[in-house]
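Notes for the one structure printed next.
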Amino acid sequence: MALPIDPSAISLHNTLRRGAAPLKLREPGKVSIYWCGPTTYDVAHVGHARSAVALDLLVRVLRAAGLEVRSVRNVTDVDDKILARAKESGEEPTALSARMAALYQEDMAALGCETPTVEPRVSEHIPQILAIIETLIAKGSAYVVAGEPSEAGEAGKDVYFRVRAFDGYGKLSGRKLDELESGARVEADARKEDPLDFALWKGCANDAWGWDSPWGKGRPGWHIECSAMSAEYLGYGMDIHGGGMDLIFPHHENEIAQSEAAHAGEGDFATCWTHHGFINVDKEKMSKSLGNFVTVRDVLARNDAEALRLFLVSHHYRGPLGFDVDKLEDGRVVFPAIDEAERKVDYLYTTLARVDAMTVAATPGELTGDYAKANKELDALRKEAFDALADDLNAARTVAAMYRVAAVINEMVDLHGRKKGDRAPIARIIGKAAHVLREIADVLGVLRTPANRYRERSRERRLRVLGLDAAKIQGLVQARTDARAAKDWAAADTIRAELTRLGIEIYDGAGGTGWEVKI
RNA sequence: GGUGAGGUAGCCAAGUGGUUAGGCAAUGGUUUGCAAAACCAUCAUACGCGGGUUCGAAUCCCGUCCUCACCUCCA
């Protein structure tokens, strides 16, 4: 079977060029990606999930095009915020960041994100960081100054990057040096040659959290880790570098400056810069500093992980994404958009379950009339689904096509029950449609469990959230079944009303009465 | 002030020059003891506002209003 995506058809928005461009690879058939990961001082929120899902989607799309992907996503485990948080709790900074990193990896795995090829930590790459800083000093791109004195005692020296010595500064973010200088909120620091210069290494007191260096004890500046670790695992230069839009300036701008200065004459640091949009709560960016964040764990306590994943891939990765939080009268917090996405996940799994429940053995023969039309529609939907992904990861379009495929399946399953004479062609269409649905879901990273397992885990979780007991529901359903057997419709309907009030939905099928917990 | 993103039907959300994106909600229908689910149909001649270009504009151009983000840490 042909690959669903033609690698030469893939185009991505490149921040550096301010527009979409066909994917260009340094080595045919292989893609290298560096993605800026989290600073691990707290549990991951929905914004981190969006970032991880954007990377995962990118990787899946590239793989669907037959490309070999090598992805690196850093864990920033050395940072002032980690230190500050650790001081509050009395925990060792390294222990805190390691604990948070483990939680992050757990959460992202729950969202169906594959583990990147390498997830390097800053604390384990200090030698590489020191080496690149020394190179920058040797090339005249960086300079050493006396450390900031502190009451804790003698501090190591600082190293700063000489921004004005790098020609292309501002090329990613579209900023001009003089504008930056004039609009500067950068605090003046007499030790710096220029206010725009940024730290590669910050000295600290001998008894503080840090590492030994040629400039005394200290910690790396924020940006240098990515220059050092990307070179370590991808070599200098990469095909795609990505992260959140807030990183364009200064983080990525500085990464470019450091890396290209250290590797002058070796070409661009990254060919394509990919940046995703934010999650907004009440139109404001979800962020830790604003305190308006919802953690992934908060969401997973109420909703299925696949609902959050579907919600995320239902929107284009570069646009803003509103995340609503509602408070119910009983004080429970709900996420209406995620609930809606979960109902769609229910729908998709129910669709697959209906296919599972029937035998759709392929039988040979020509499809004619409406069946030929349905078959053609499926081909068109499959093409649309994958074309959309090749077009700057437009997964929202892919999701739309996926719903249409599910509708075809349901339509055919209904028909299968009614048009007994046409069962062979109908079964063929269903078999093909189910295959297409799974193929699309795979690249989106949804529908990863067998339908019956999904149903069980959803029921369990929803009962827990509502504080209900399955045995009690079972009893009410049985009582209603008995009333129905006695044709006591009034009694049966009273029980149903009670179940509805509790949040239980029932359905009478050929094999008896089933029930679901509503989300 | 500079830079960037965005404003599309009741709501969410694709679409960057010409044929129904999709979903939610609502209404009608098929089905059902009645329902639920599923399917079909309607809602939908929508594109912040004002000009302009064009046979034709949500889409291009000019102007303008509004929202958000970045310029300090942020996914």
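The analysis underlying the following values was restricted to heavy atoms, covering all of them including side chains, and did not include hydrogens, waters or symmetry mates. In what follows, every chain begins at residue 1, and chains take the letters A, B, ... in the order their sequences are listed. Here the structure is a predicted model, which means the values were calculated and not measured.
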Item checked: Partner residues of A/Lys344 under the salt bridge (Lys or Arg N to Asp or Glu O under 4.0 Å) criterion, sequence neighbours left out -> none

Checklist line | Heavy atoms from other residues, nucleotides or ligands near NZ of A/Lys87 exceed 12 (cutoff 6.0 Å) | finding: no

Note to self: Which residues pass the side-chain contact (heavy atoms from CB on, under 4.5 Å) test with A/Ser230, not counting sequence neighbours?
What the structure shows: A/Tyr34, A/Met238, A/Phe269

Item checked: ring pair (Phe, Tyr, Trp, His ring centres under 6.0 Å) against A/Phe323, all qualifying residues, sequence neighbours excluded -> A/Phe335

Note to self: Filter on salt bridge (charged side-chain N to carboxylate O under 4.0 Å, His left out), then keep only pairs touching residues 406-417 of chain A, sequence neighbours left out; what's left?
What the structure shows: A/Arg354-A/Asp414

Checklist line | Sugar-phosphate, base or nothing in reach of A/His251, heavy atoms under 4.0 Å | finding: nothing

Note to self: If you compare all heavy atoms of A/Pro336 against all heavy atoms of A/Asp326, which two are closest, and at what distance to 0.1 Å?
What the structure shows: CG-OD2, 3.7 Å

Next item on the list: Please report the shortest heavy-atom distance between A/Asp77 and A/Arg121, naming the atom on each side.
Entry: OD2-CB, 3.5 Å

Next item on the list: Looking at every strand, decide which applies to A/Gly244 at a 4.0 Å heavy-atom threshold: base, sugar-phosphate, or nothing.
Entry: sugar-phosphate

Notebook entry, point to check: Stacking between A/Tyr507 and the base of B/rA35 (centre distance under 5.5 Å, interplanar angle under 30°)?
Noted result: no

Check: Are the side chain of A/Arg219 and the backbone of A/Cys204 linked by a donor-acceptor contact shorter than 3.5 Å?
Finding: no

Notebook entry, point to check: Between B/rU31 and B/rC43, how far is it from one C1' atom to the other, in whole Å?
Noted result: 23 Å

Check: Under the ring pair (Phe, Tyr, Trp, His ring centres under 6.0 Å) test, which residues partner A/Phe198, sequence neighbours left out?
Finding: A/Phe161, A/His223

Check: What does A/Leu290 touch in the nucleic acid at a heavy-atom separation under 4.0 angstrom: a base, only the sugar-phosphate, or nothing?
Finding: nothing

Note to self: Below the 4.0 Å mark, does B/rC70 have OP1 or OP2 next to a side-chain nitrogen or oxygen of A/Lys285?
What the structure shows: yes

Note to self: Using a heavy-atom cut-off of 4.0 Å across all strands, would you classify A/Arg480 as base, sugar-phosphate, or nothing?
What the structure shows: base

Next item on the list: Tell whether A/Arg175 reaches the base of B/rC70 with its side chain through a donor-acceptor pair below 3.5 angstrom.
Entry: yes

Next item on the list: Check each residue of residues 98-111 of chain A for a non-hydrogen atom within less than 4.0 Å of any atom in RNA chain B, then write out the ones that pass by number, or none.
Entry: none

Check: Is there a donor in the side chain of A/Glu225 and an acceptor in the side chain of A/Asn74, or the other way round, less than 3.5 Å apart?
Finding: yes

Notebook entry, point to check: Above 12 or not: heavy atoms from other molecules or residues under 6.0 Å from CG of A/Asp167?
Noted result: no

Next item on the list: Search all heavy atoms of A/Asp197 against all heavy atoms of A/Val163 and return the closest pair with its distance.
Entry: OD1-N, 2.9 Å

Check: What is the distance from atom CD1 of A/Ile504 to atom CD of A/Glu498, rounded to the nearest 0.5 Å?
Finding: 10.5 Å

Next item on the list: For A/Ser287, report the nucleic acid contact type (base, sugar-phosphate, nothing); a contact means any heavy atom under 4.0 Å.
Entry: base

Margin query: Can you list, in residue-number order, the parts of residues 308-321 of chain A that come under 4.0 Å of RNA chain B, counting heavy atoms only?
Written below: A/His315, A/His316

Margin query: For a quick check of understanding: with a heavy-atom distance under 4.0 Å over all strands, which category does A/Phe278 fall into, base, sugar-phosphate or nothing?
Written below: base

Notebook entry, point to check: Of the residues in residues 511-519 of chain A, which ones touch RNA chain B at a heavy-atom distance under 4.0 Å?
Noted result: none

Next item on the list: Using a cut-off of strictly less than 4.0 Å, decide whether A/Asn394 has a side-chain nitrogen or oxygen near OP1 or OP2 of B/rG15.
Entry: yes

Notebook entry, point to check: Quantified in whole Å, what is the P atom distance between nucleotide B/rU45 and nucleotide B/rC62?
Noted result: 32 Å

Margin query: Any N or O donor-acceptor pair under 3.5 Å from the base of B/rG33 to the side chain of A/Arg484?
Written below: yes

Notebook entry, point to check: NA contact type, A/Ile248, heavy-atom cut-off 4.0 Å: base, sugar-phosphate, or nothing?
Noted result: nothing

Check: Below 3.5 Å, does any donor atom in the side chain of A/Asp178 face an acceptor in the base of B/rG2, or the other way round?
Finding: no

Check: Given that A/Lys288 and A/His13 both sit by RNA chain B, which one's nearest nucleotide is further toward the 5' end?
Finding: A/His13

Next item on the list: Would you mind classifying the nucleic acid contact of A/Thr39 as base, sugar-phosphate or nothing, using non-hydrogen atoms under 4.0 angstrom?
Entry: sugar-phosphate

Notebook entry, point to check: Toward the 5' end of RNA chain B, which comes first, A/Trp489 or A/Asn280, by nearest nucleotide?
Noted result: A/Trp489

Note to self: With a sphere of 6.0 Å drawn around CZ of A/Arg191, does it hold more than 12 non-hydrogen atoms of other residues, nucleotides or ligands?
What the structure shows: yes

Next item on the list: Measure distances between side-chain N and O atoms of A/Asp80 and base N and O atoms of B/rC73, and say whether any donor-acceptor pair falls under 3.5 Å.
Entry: no

Checklist line | Nucleotide opposite B/rG10 in a Watson-Crick or G-U pair, distances under 3.5 Å | finding: B/rC24

Item checked: Considering all heavy atoms, the nearest A/Cys226-A/Cys36 contact -> SG-SG, 3.9 Å

Next item on the list: Using the test ring pair (Phe, Tyr, Trp, His ring centres under 6.0 Å), find all partners of A/Phe293 that sit at least two apart in sequence or belong to another chain.
Entry: A/His45

Next item on the list: Please state the C1' separation for the pair B/rC24 and B/rA44 - nearest whole angstrom.
Entry: 15 Å

Notebook entry, point to check: What integer number of Å spans the C1' atoms of B/rA9 and B/rA14?
Noted result: 14 Å

Notebook entry, point to check: On a whole-Å scale, what distance lies between the C1' atoms belonging to B/rA37 and B/rA46?
Noted result: 31 Å

Note to self: For A/Asp356, is the CG atom crowded, meaning more than 12 foreign heavy atoms sit under 6.0 Å from it?
What the structure shows: yes

Note to self: Measuring only the C1' atom in each nucleotide, how far is B/rC47 from B/rU16? A whole number of Å is fine.
What the structure shows: 12 Å

Note to self: For RNA chain B, which residues of residues 409-417 of chain A approach it to below 4.0 angstrom with any heavy atom?
What the structure shows: A/Asn410, A/Glu411, A/Asp414

Check: With sequence neighbours left out, what residues match A/His252 under ring pair (Phe, Tyr, Trp, His ring centres under 6.0 Å)?
Finding: A/His241, A/Trp273, A/His275

Might you list the N or O atoms of the protein lying below 3.5 Å from N or O atoms in nucleotides 18-23 of chain B, with each pair's distance?
| unit_1 | atom_1 | unit_2 | atom_2 | d |
| --- | --- | --- | --- | --- |
| B/rG23 | O3' | A/Lys344 | NZ | 2.9 |

